Amino acid sequence: MTTIDENSTNQETFQFDGGGAEYFKIWIVNILLSILTLGIYSAWAKVRRKRYFYGSTSLDGARFEYLADPKKILKGRIIVFFVYLTSQITAYYMPLLNWVWVVLFIAIAPWVIIRALKFNAVNSSYRNVRFNFNATYGQALKNVALPFLTIYLTLGLALPYFVFRLKKFVIEHTSFGTTPFKFHGSAGAFFKMYGLAFLGFIIWVAIVAGLTMPFDLAPLLPSLIILGTMILALNVQVIQTNYIFEHLALTDHRFRSTLGTLEMLGIYITNLLAMALSLGLMIPWAQVRLTNYRLRNLALVPTGSLAGFINNAETDSNAFGEEMSDFFDMDIGL
Amino acid sequence: MIEFTALYSDGESSDQQQATVMINDGWLVVRGITVGVSAKIEDLQISDRLGNTARFILLPNGGKCETTDNDQVDQMLKDAQLGQLGHMIHTLEKHWQYALIAILVVAITIAGIIRYGVPLAAEKVAFGLPGSVEQNLGVKILSMMDKTWFTPSELDEETRKKVRSKFTLVATGTNLDGLRLEFRKGNAVGANAFALPAGTIVITDELINMTNDYQEILGILDHEAGHIAHRHALRSYLQNSMIAMTLVVITGDISSLVAGIPTLLIKSKYSRDFEREADRFAANLLTRQGVKVSLLADFLTRLTEGKENSKMLPYISTHPPTTERVHNLMAEGHK
């Protein structure tokens, strides 16, 4: 396994040249047309949004492209809408059906996740080579659903193990063209990350309790605990993302991720303030700012040229999985 | 003559090369170090313009040109009379005047939907649904409340008889179908009264014990009857569901944390509107029953004494401020 030379200057940082002002105009017209068409345009709006962010991202001088067909996304959305409506109505008249729907939902969840990952991958391209995602329902069950169950069996202690298995599954079934990604990470690293965060949580609760209770400031306790938890969670996300990218490989090409918790916290807080004070109008600027930061801190450490990756011929015409995972907020990604 | 530079990749592999693209007589010609292809413009798939992001031109042979020279590509499309719809949308997205108009239209539409559209739709649906729907809901809600908070009432039979006699006054005075009275011990919910779909009014022992006069209980029952008459419980449920769905449809891409706050504000406003409507109903009914509205107003003041401190934000409160309620009750009662 090749290790990254810490002092290597041979790296290609991702570039993002999207702008808040430019995106704002696209964003507001998206909303306007979605309202005027009673939601139908929202499929086109989603594609435009993703195309803008993809198209503003470049690596080594070439940009990314999002290729999804809005009509397929619309179809997917309509189907999801009717499935949801049907489940609500039938469950109302026959409450026992509620359990059937829940079981059904849990059973098809792995399939939905695979379909969503496939749709997104196949509709993303770089230098006219599409990404791909290949996994069977059985593989999802074994690599994701089973580890997920262990969380319940161990009262939460197995969470780091589940996250490790999930990321490994997503990464190693994703490919650029016909070349699969590899993940060189270990479960132990995840246990360390989450373990330290949990320790931090306990220490934080102890400190805050010690500072508030003797001085009769107990009502402040829940808010302070929540605040500390959110910051710790953000810290875990940052460490985890950096770790994942540093242990990601595409043949001999490696990655470098330099996200920082304090910087991200600053961005999130100022973004939230701006969005709240502007009654939502600053949302596009906030999104551009966050994306800019994330991409500026991601780099490819290439070994050789980026040419030579063979394309795959697969396209994907079924957006049901993608829209279902979108609707139920089942976003699985890096 | 239209000409621009582009990056060409053939679609077989990720090899990419600099190329020159020329438009000639309805044909697109690509020339690079190892590429020389051409295609008819109508056989091309050209991405719509999106701000100043790169444009992608897909050739029939699977090759793709990536260029940042949007103006030249636009000219090519214009000459071939293609892509008019995409051009129109880009024009909307390009100029600040359209963006400002869009902000205005969106803001007015959203405000209109929240203020008028959703309440109106919920009202029509609530009064149009068959009674069985309400009955079902009412039964479900009561059993949920019994499971979660309530225990059987501990009032003595005499108190119950007196409260029931006041309830009979309300039933005959309003002629509402399905009106029923249920006694419960509130426990965690304390001194409270609820109006459930299909006509069940639940009143807690704690609330009855706070009253000094059975006429005050009449006032409370009148207020709850107002909720029943206007089908507030069902309308509230419908409105909240509609608002949630509307926000999701419109904004699609905001995180749920950001969307949760406006939803909370809207739900609270709807709740306060319903309380005002029930208060108006109660004031009118009390007057018809020959009871002074001030009885209810004074009771409300007594009930909330010391509980409403300045810390409670008016925007997330489910009831209007008591001073406003007292004022409106008296004004309505004097009509």
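Keep in mind that this is a model prediction, so the values were computed, not measured. In what follows, chains carry the letters A, B, and so on, assigned in the order in which the sequence lines appear, proteins first and then strands, with residues in each chain numbered from 1.
For A/Ala21, the parts lying under 4.5 angstrom from a heavy atom of chain B are both the backbone and the side chain. Only the side chain of A/Phe24 comes within less than 4.5 Å of a heavy atom of chain B; its backbone N, CA, C and O stay farther away. Only the side chain of B/Asp48 comes within contact range of chain A, judged by heavy atoms closer than 4.5 Å. If you measure heavy-atom distances from A/Phe64 to chain B, the contacts under 4.5 Å come from the backbone alone. Contact annotation for A/Leu67: only side-chain heavy atoms (C-beta onward) come within less than 4.5 Å of a heavy atom of chain B.
In terms of heavy-atom pairs under 4.5 angstrom with chain A, the leader among B/Ala107, B/Gly63, B/Ala102, B/Gly62 is B/Ala102. Heavy-atom pairs under 4.5 Å with chain A peak, among B/Gly11, B/Gly51, B/Ser47, B/Ala99, at B/Gly11. Ranked by heavy-atom pairs under 4.5 Å with chain A, the first of B/Asp15, B/Leu50, B/Leu92 is B/Leu50. Interface summary for chain B: among A/Ile28, A/Val129, A/Leu33, the most heavy-atom pairs under 4.5 angstrom belong to A/Ile28.
Environment of CG in A/Leu277: crowded, with over 12 heavy atoms of neighbouring residues, nucleotides or ligands closer than 6.0 Å. Within a 6.0 Å sphere centred on CH2 of A/Trp99, heavy atoms belonging to other residues, nucleotides or ligands number 12 at most. Other residues, nucleotides and ligands contribute at most 12 non-hydrogen atoms within 6.0 Å of the CD atom of B/Gln45. B/Tyr98 OH: 12 or fewer foreign heavy atoms inside a 6.0 Å radius.
Distance OH/A/Tyr126 to OG/B/Ser9: 9.5 Å, rounded to 0.5 Å. One distance of note links CG of A/Asn128 with CZ of B/Phe56; it measures 9.0 Å at 0.5 Å rounding. Rounding to the nearest 0.5 angstrom, the gap separating the CD1 atom in B/Ile108 from the CD1 atom in A/Ile35 is 11.5 Å. Atom OG1 of residue B/Thr53 and atom CD1 of residue A/Ile26 lie 7.0 Å apart, to the nearest 0.5 angstrom. Atoms CG and OG1, from A/Leu36 and B/Thr109 in turn, are 7.0 Å apart once rounded to the nearest 0.5 Å.
Legend: residues meeting ring-ring contact (aromatic ring centres under 6.0 Å, His included) with A/Tyr293, ordered by chain and number and at least two apart, are absent. Scored by the salt bridge (Lys or Arg N to Asp or Glu O under 4.0 Å) test, A/Glu65 finds A/Arg51, B/Lys64 as partners (sequence neighbours excluded).
Side-chain contact check for B/Ser14 versus A/Phe176: some heavy-atom pair is nearer than 4.5 Å.
Ion pairing of A/Arg48 with B/Glu93 is present here, as a side-chain N (NZ or NE/NH1/NH2) and a carboxylate O approach within less than 4.0 Å.
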Which atom pairs, one a donor and one an acceptor, fall under 3.5 Å between side chains of residues 235-242 of chain B and the rest of the protein, sequence neighbours left out?
| residue | atom | partner | partner atom | Å |
| --- | --- | --- | --- | --- |
| B/Arg235 | NH1 | B/His230 | O | 2.9 |
| B/Asn240 | ND2 | B/Ser236 | O | 3.4 |
| B/Ser241 | OG | B/Tyr237 | O | 2.8 |

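Residues of residues 121-143 of chain B lying within less than 4.5 angstrom of chain A, judged on heavy atoms, are B/Ser132, B/Val133, B/Asn136, B/Leu137, B/Lys140 in numerical order.
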B/Glu66 vs A/Arg63, test: side chain to side chain contact (heavy atoms under 4.5 Å, CB included). Steps then yes/no.
CA-CA 8 Å; B/Glu66 181 187 319; A/Arg63 285 151 188 253; 3.5 Å; yes
